[in-house]
Amino acid sequence: MTEHICDYCGESFATANELGGHVTAVHRRDQLVTDADSILDDIQRVADKLGKSPTAKEMSEHGEYS
């Protein structure tokens, strides 16, 4: 079984979804995204990595912004 470890605090989770929920709830709740270009750049980065337009789930797994 693969462990999914939080880059911010080192806590481990059984699934990528649990990790993504943790990061969003605990580490990103105070971050406000005000620059649309940052979001678009992140989507493009993930698209380049995957070789296709990412789904919402893929953005949650691979992107800075979900």
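All values reported here derive from a predicted model rather than from experimental measurement. Side chains are part of it too, since the values below use all heavy atoms of this structure and drop only hydrogens, waters and symmetry mates. Positions are given from 1 along the sequence.
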Rounded to the nearest 0.5 Å, what separates atom [atom1] in [X] from atom [atom2] in [Y]?
X: Glu11; Y: Glu3; atom1: CD; atom2: CD; result: 11.0 Å
X: Ile43; Y: Met59; atom1: CD1; atom2: CE; result: 5.0 Å
X: Glu58; Y: Lys49; atom1: CD; atom2: NZ; result: 10.5 Å

Practice task
Verify the neighbour count for atom CG of Asp7: are there more than 12 heavy atoms of other residues, nucleotides or ligands below 6.0 Å?
Solution key: no
Practice task
Please confirm whether the backbone N or O of Ala14 pairs with a side-chain atom of Glu18, one donor and one acceptor, at under 3.5 Å?
Solution key: yes
Exercise for the section: Measure from the side-chain N and O atoms of Asp42 to the backbone N and O of Gly63, and report whether any donor-acceptor pair falls under 3.5 Å. Expected result: no
Nearest atoms (heavy-atom pairs only) where [X] meets [Y]:
X: Arg45; Y: Glu64; result: NH2-N, 3.9 Å
X: Ala16; Y: Glu61; result: CB-CG, 4.5 Å
X: Ala47; Y: Ser53; result: CB-CA, 4.4 Å
X: Cys6; Y: Val23; result: SG-CG2, 4.0 Å

Handout entry: Co-membership, hydrophobic cluster, residues Phe13 and Tyr8, 4.5 Å side-chain
Key = yes
